[in-house]
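Data first, discussion second: the structure below is written as structure tokens.
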Amino acid sequence: MKIETKAVHAGDRKKAGPHVPSTTPIYTASTYFYESMEELDRVFAREEQGYCYSRYDNPTNAALEELVAALEGGHGALACGSGMAAIHMALLSALADRRKSVLAANALYGATVSLLMNVLEPSGVAVRFAELWDLDVFRQAMQESKPGCVLLETISNPLLRLAPLDRIAEIARAAGAALVVDNTFATPVLLRPLELGANFAVHSATKYLAGHGDVLGGVVVSDAPHYENLRTISRAVGPVLGPFESYLTMRGIKTLPLRMERQCANACRVASWLAAHPAIERVYFPADPAHPDAAVIRRLLPAGLYGAIVSFELKGAGRAEIFRFMNALRLIVRATSLGDVHSMMLYPVMSSHREISPRHRERMGIRENLVRLSVGIEAVDDITHDLGQALGPLP
Ligand SMILES: Cc1ncc(COP(=O)(O)O)c(C=O)c1O
């Protein structure tokens with residue numbers, strides 16, 4: 001089945017008694033009743049299919065997990081209470097039987113950097129950052145740090161770099177390191193990391209998967225060898241998603257391919273419009289033929305689908321000018337997220353990358369005049385009109 005079909009059907013309509021509901025119900029029960037202790041014992045022992053306790057498994061979550069695993073081409077998935085919980089679970093599972101060392105891309109979502117430096121490093125995990133876009137740099141960093149795990153984002157936040165995932169997967173696999181890929185920005189509509197050799201694909205489901213700004217959630221998809229570890233660690237840590245959020249995420253995913261198609265097309269138009277505007281210093285967008293990863297983009301992304309995030313720098317702007325510009329937006333929502341049906345804009349130094357030191361941010365190339373726009377499904381002319389009026393009259 002193609003991804004558009006899977007998005008609508010996978011995981012749904014599980015028979016739960018004599019009736020087959022046409023969409024997955026929200027199972028709010030925290031625990032389950034069995035007629036006999038013998039039956040419950042068999043379920044606990046996993047000799048019989050069933051549910052014991054919602055920290056272990058929940059039928060609504062199981063449906064969502066089956067759906068996202070199908071979209072990503074993975075063996076199984078775990079629905080978590082946030083994208084950060086999902087990244088944490090993936091890293092713990094990846095490192096369980098390996099050297100406690102992570103080699104991470106040096107452009108990552110701010111809280112992911114914080115998880116590595118403020119949570120994992122103090123607990124004994126060695127953390128190193130490197131330019132994973134350059135394979136020579138990556139190979140050298142692999143040799144020097146001998147990591148148990150490599151971590152990167154398919155489309156990096158907020159400068160939209162694309163790493164040669166397929167090659168990185170080969171190198172990591174040969175070195176015995178697990179590869180964890182945050183696929184939040186690309187979604188399985190654009191890229192499926194497990195099909196390219198990664199061991200884990202992670203999502204902030206808060207973003208494109210749910211897509212409507214009403215869910216905080218995350219999903220880890222893993223290959224077969226890591227799946228049992230993932231579930232065992234989750235049972236002990238308890239990062240699970242609530243069933244209502246699971247339901248909303250499944251509902252959102254039904255239109256994921258449609259939304260991505262529209263949002264990506266809108267983003268292409270917005271990026272071209274911004275590039276031609278005299279107040280804009282630089283536009284970061286993967287469709288740009290001068291993009292530093294243009295060859296990887298041609299090889300890995302489907303034609304015409306470049307993601308729906310456009311980052312750009314305003315000429316000569318500092319914090320005050322950015323505040324003035326963003327305060328003037330009327331349609332585009334000033335908000336700290338991305339991937340919703342409505343367009344929204346974020347100021348990375350103030351929000352997503354706030355927790356990172358100015359020196360580290362500078363090294364990442366995130367400047368004071370950079371903003372990140374998540375392009376929605378609105379009519380594209382309304383989006384560019386709003387940008388135009390907020391930028392002010394042309395000189
Ligand atoms: C690429 C990426 N990964 C992970 C996260 C964390 O997700 P959540 O906020 O759902 O914990 C975010 C949040 O913005 C993100 O942009």
Side-chain angles (χ1 to χ4, degrees), residues 64 68 72 77-92 102 104-120 129 132 151-163 165 180-191 193 198 200-221 234 237 239-242 245-246 248-249 252-253 260 263 284 286 307-311 333-340 344-356 361 364 366 370-375:
L64 170 66
V68 182
E72 286 282 5
L78 173 74
C80 296
S82 69
M84 289 317 304
I87 295 172
H88 195 187
M89 284 304 101
L91 290 175
L92 290 181
V102 177
N106 68 349
L108 287 172
Y109 172 55
T112 306
V113 176
S114 179
L115 170 69
L116 291 168
M117 298 184 74
N118 302 328
V119 180
L120 294 185
F129 295 94
L132 305 191
L151 170 67
L152 56 91
E153 292 171 3
T154 35
I155 302 181
S156 78
N157 179 12
L159 297 180
L160 314 179
R161 297 291 309 263
L162 272 98
L165 245 191
V180 177
V181 178
D182 182 335
N183 199 25
T184 299
F185 273 42
T187 83
V189 177
L190 271 64
L191 265 175
F200 297 88
V202 182
H203 283 274
S204 166
T206 316
K207 310 299 184 324
Y208 292 103
L209 294 192
H212 294 73
D214 49 12
V215 172
L216 191 79
V219 183
V220 189
V221 182
S234 168
V237 179
V240 296
L241 188 64
E245 285 77 8
S246 244
L248 285 175
T249 307
I253 289 174
M260 283 310 286
Q263 287 176 255
Y284 297 84
I309 305 293
V310 184
S311 296
V333 178
R334 291 176 291 277
T336 302
S337 194
L338 65 115
D340 290 342
M344 58 183 133
M345 192 180 286
L346 161 152
Y347 185 30
V349 285
M350 195 197 78
S351 50
S352 60
H353 292 69
R354 188 185 186 110
E355 290 164 38
I356 297 176
R361 260 198 323 251
M364 292 168 82
I366 297 167
L370 179 82
V371 295
R372 187 191 81 191
L373 173 63
S374 167
V375 180

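Heavy atoms only: backbone and side chains are in, while hydrogens, waters and symmetry mates are out. These numbers were taken from a predicted model, which means no experiment stands behind them. As the structure lists them, so they are numbered: ligands from 1, and atoms in each ligand from 1.
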In a simple table, one pair per line, please give the protein and ligand 1 atom names for every N or O pair closer than 3.5 Å, along with the distance.
| unit_1 | atom_1 | unit_2 | atom_2 | d |
| --- | --- | --- | --- | --- |
| ligand 1 | 3 (N) | Asp182 | OD2 | 2.6 |
| ligand 1 | 7 (O) | Ser204 | OG | 3.0 |
| ligand 1 | 10 (O) | Gly83 | N | 2.9 |
| ligand 1 | 10 (O) | Ser204 | OG | 2.8 |
| ligand 1 | 10 (O) | Thr206 | OG1 | 2.6 |
| ligand 1 | 11 (O) | Gly83 | N | 3.0 |
| ligand 1 | 11 (O) | Met84 | N | 2.9 |
| ligand 1 | 14 (O) | Lys207 | NZ | 2.8 |

Check against side chain to side chain contact (heavy atoms under 4.5 Å, CB included), Val219 and Glu72: CA-CA 11 Å; Val219 183; Glu72 286 282 5; over 6 Å; no
Working note: Val371 + Leu346, criterion side chain to side chain contact (heavy atoms under 4.5 Å, CB included); need CA distance, chi angles, decisive distance, verdict. CA-CA 6 Å; Val371 295; Leu346 161 152; over 6 Å; no
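- By the neighbour-count criterion of 12 heavy atoms within 6.0 Å, atom CZ of Arg354 is sparsely surrounded, having that number or fewer from other residues, nucleotides or ligands.
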Trace of the side chain to side chain contact (heavy atoms under 4.5 Å, CB included) decision for Val215 with Thr206: CA-CA 5 Å; Val215 172; Thr206 316; 5.7 Å; no
For Asn157 and Arg372, run side chain to side chain contact (heavy atoms under 4.5 Å, CB included): C-alpha distance rounded to whole Å, both residues' side-chain angles, the deciding distance at 0.1 Å, then the answer. CA-CA 9 Å; Asn157 179 12; Arg372 187 191 81 191; 2.9 Å; yes
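- In this structure, Tyr109 and Glu153 approach most closely via the heavy-atom pair N-OE2, 2.6 Å.
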